[in-house]
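Inspection log for the structure reproduced underneath, given as structure tokens.
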Amino acid sequence: MSAAPDHGPGRRVSTDVLVIGAGPTGLMAGAWCAKLGLQSLVVDGKAGPTRESRALAVQARSLEVYRQLGLAQAVLDGATPATSVSPGFRHRTLGTVRLDRMGQQLTPFPGITIFEQSANEDLLARHLRDQHRPVAWGTSFRSFTTDPWAAGPGGTGTVELDSPEGLVQVSARYVVAADGASSAVRHALDIAFEGATNRFEFYVLDAYGVTGTESGITLRASREHFMLAFPLGDDGRGGRRARLLGILRAEDRSPADPDDGADPVAASPAAEARDEARARDSLAEEFGVRYAGTDWYSTYRVHHRVAAAFRAGRVFLAGDAAHIHSPVGAQGMNTGLQDAQNIVCTIADVLAGREPEDVLDRYEAERRPVALNLVRTTDVVFGAVTSLSPLARLARTRVFPVVAPVLLRVAPRLPLGGRMFGYLSQIRIHYWMPGTEADRTGPRRRRRGTVLGRRLPWVPDAGHTGPVPGGDGRGDNHEALNTAEWQVHAYGPAADRWARDLADRHQDRAAGRAGPASGVPVFRFRAAPEAGLPDGTALLIRPDGFVAEVRDGSSAPAGRVSPR
């Protein structure tokens, strides 16, 4: 079933993939099921898409994922670009880093795109409706009626859902649980949500008539506070809108349940009004930022947590159900969007017979380390900007104002600048890949290299030697990824031999439910040594755009390519 079921008491429904939760992660999972031809059902207990957005920024890697769905331009059309970051101390800006310049040779989408969570949900929900796969709103998880840990080829599990019309039983080959930080599915599976909760509260508000911020992203620190401001465009009142974030140092309230995720801190209207007044005063006094009014205000506890397991048999945790962390770096929603692409592409390979069932273990092996690293990094950064220790205060008040201007001038001119952008934009995510037939010495081992295990390096003027089915006319090598299929890339004329070898050895990658296709497609491009793809490089690319195997004619292990 590819659309919401015709609910009724005790109704039974069968599908390949049941997606529980229709936030950005769940909706992205549904969109990739549609892209890859999987039967799917997306459900959510809410009445419709989120109206109040916590997540805000879409990073370059997520836009590349959107591009494969044909939706990148729709994101850009509705977004506010943020091409720069301006760090500062108190009322003073210390300099500006142009993110678009740092990333312009690395991705077709340099900079950060401000496209709120609600806008992501609206876009993806509309896309699913257009694909005749509308979300079943008002439908929530109740329980598993079969052992969710049981897995095996051809098996299914049964999930009970509560719908407006009564109980629905869904028989699904696989379940993607994207039901948020307080995930009922994770609780039902008894999977620990490991980590800690910051003792301070975090405020977030959408303001209009904003003054005192820069045109891009503004980051400010003071002795005891920090502030982030993201541009949201014109406010329709002759001023600017901005998302403003910071810390309310109110330690007298009881902290939220540490396993409740990043849900809003419960407060009475009077308490919320007092909190907003404190936030407004802090912004004005500490950073010289003022605003005329707010469209939305909320307070959160900040958590840094990762699920102890991302897989329980045929059930997979994704997005906030699997990992949560501070908003520093605008990484959370993006990580969830990429979780969704990863697991759906893997499930599609298994259902089509291209991969054995045990390849599903790859999801946790690849995505959980990403989450752990992200939580570890944001925890350190968040701790540094919120700590009240004498050393932290000294760093914020004495060291940062002196060192930051120098770094801002030097970093964009060094390779470090591109590396920093790569981490921020998530284009430097690096997976371990299994050994291949190219590893002829010893047992198969996991490997990764400068290209192997990474998302395909971007070549803007790729010099195609033939048409790209489903291409969007950009003329880069990522155009071929729009087909979302296993494929081989040959860079330069010397790569033809190795490309044919890869295509021959992996012709089963083109198999589908109806049987083998015509073979793995081979795309030929110019050599691109500046991107780590010198003449003679052949790559096997997964549907999600990651490099699964490298052949370059050398006797070295697969994955050895010129460094970038």
Test: [X] and [Y] ion pair at under 4.0 Å:
X      : Y      : value
Glu64  : Arg61  : yes
Glu366 : Arg542 : yes
Glu357 : Arg173 : no
Arg11  : Glu165 : no

Using only atom types and a distance under 3.5 Å, with no angle test, would you say the side chain of [X] pairs donor to acceptor with the backbone of [Y]?
X      : Y      : value
His430 : Leu452 : yes
Asp339 : Gly319 : yes
Thr15  : Ser40  : yes
Arg454 : Arg428 : yes
Asn334 : Ala57  : yes
Asp16  : Leu38  : no
Asp476 : Pro108 : no
Asn120 : Phe115 : yes
His127 : Met28  : no
Asp544 : Gln341 : no

[atom1] of [X] to [atom2] of [Y]: how many Å apart, nearest 0.5 Å?
X      : Y      : atom1 : atom2 : result
Thr483 : Gln68  : OG1   : CD    : 8.0 Å
Ile427 : Leu106 : CD1   : CG    : 4.5 Å
Met433 : Arg362 : CE    : CZ    : 7.0 Å
Leu351 : Leu36  : CG    : CG    : 10.5 Å
Ile112 : Gln59  : CD1   : CD    : 4.5 Å
Asp130 : Leu124 : CG    : CG    : 11.5 Å

Residues in side chain to side chain contact (heavy atoms under 4.5 Å, CB included) contact with [X], at least two apart in sequence or another chain:
X      : result
Thr145 : Ser143, Thr158, Glu160, Gln169
Gln73  : Leu76, Asp77, Arg474
Ala22  : Leu27, Val42, Asp44, Val135, Trp137
Ala503 : Val488, Val522

> Could you walk me through whether Leu424 and Leu99 pass the side chain to side chain contact (heavy atoms under 4.5 Å, CB included) check?
Replying inline: CA-CA 10 Å; Leu424 177 67; Leu99 295 172; 4.1 Å; yes
Does any non-hydrogen side-chain atom of [Y] lie less than 4.5 Å from one of [X]?
X      : Y      : answer
Val17  : Val344 : no
Arg455 : His478 : yes
Ile343 : Val176 : yes
Tyr174 : Val350 : yes
Glu355 : Thr346 : no
Arg314 : Leu360 : no
Pro521 : Glu485 : yes
Arg551 : Leu540 : no

>> If you apply the rule side chain to side chain contact (heavy atoms under 4.5 Å, CB included), what do you find for Asn342 with Tyr431, and how did you get there?
In response: CA-CA 12 Å; Asn342 184 294; Tyr431 300 149; 3.6 Å; yes
Under 3.5 Å, is there a donor-acceptor pair between the [X] and [Y] side chains?
X      : Y      : answer
Arg305 : Thr197 : yes
Thr335 : Gln426 : yes
Trp486 : Asp349 : yes
Asn373 : Tyr423 : no

>> Tell me every residue that passes ring-ring contact (aromatic ring centres under 6.0 Å, His included) with Phe144, counting only those two or more places apart in sequence or in another chain.
In response: Phe141
> Residues two or more places apart in sequence or in another chain: which of them pass ring-ring contact (aromatic ring centres under 6.0 Å, His included) with Phe310?
Replying inline: none
> Mind checking whether Tyr363 and Phe316 have parallel, tilted or perpendicular rings, split at 30° and 60°?
Replying inline: perpendicular
> Which class fits the ring pair Tyr297 and Tyr203: parallel under 30°, tilted 30 to 60°, perpendicular over 60°?
Replying inline: parallel
Minimum heavy-atom distance between [X] and [Y], given as atom pair plus value:
X      : Y      : value
Ala308 : Glu194 : CB-OE2, 3.4 Å
Val520 : Arg509 : CG2-CB, 3.8 Å
Glu121 : Thr50  : OE1-N, 2.6 Å
Ser62  : Gln338 : OG-NE2, 3.2 Å
Val547 : Val451 : CB-O, 3.6 Å
Pro24  : Leu337 : O-CD2, 3.4 Å

>> Assess the residue pair Arg367 and Ile429 against the criterion (side chain to side chain contact (heavy atoms under 4.5 Å, CB included)); give the C-alpha distance rounded to whole Å, side-chain angles, the decisive distance to 0.1 Å, and a yes or no.
In response: CA-CA 10 Å; Arg367 297 304 299 171; Ile429 288 172; 4.1 Å; yes
>> Against Leu56, only a single residue in Val204, Leu228, Asp206, Ile114 fulfils side-chain contact (heavy atoms from CB on, under 4.5 Å); can you say which?
In response: Ile114
> What's the verdict on side chain to side chain contact (heavy atoms under 4.5 Å, CB included) for Thr25 and Asp320, showing C-alpha distance, side-chain angles and the deciding distance?
Replying inline: CA-CA 8 Å; Thr25 299; Asp320 285 357; over 6 Å; no
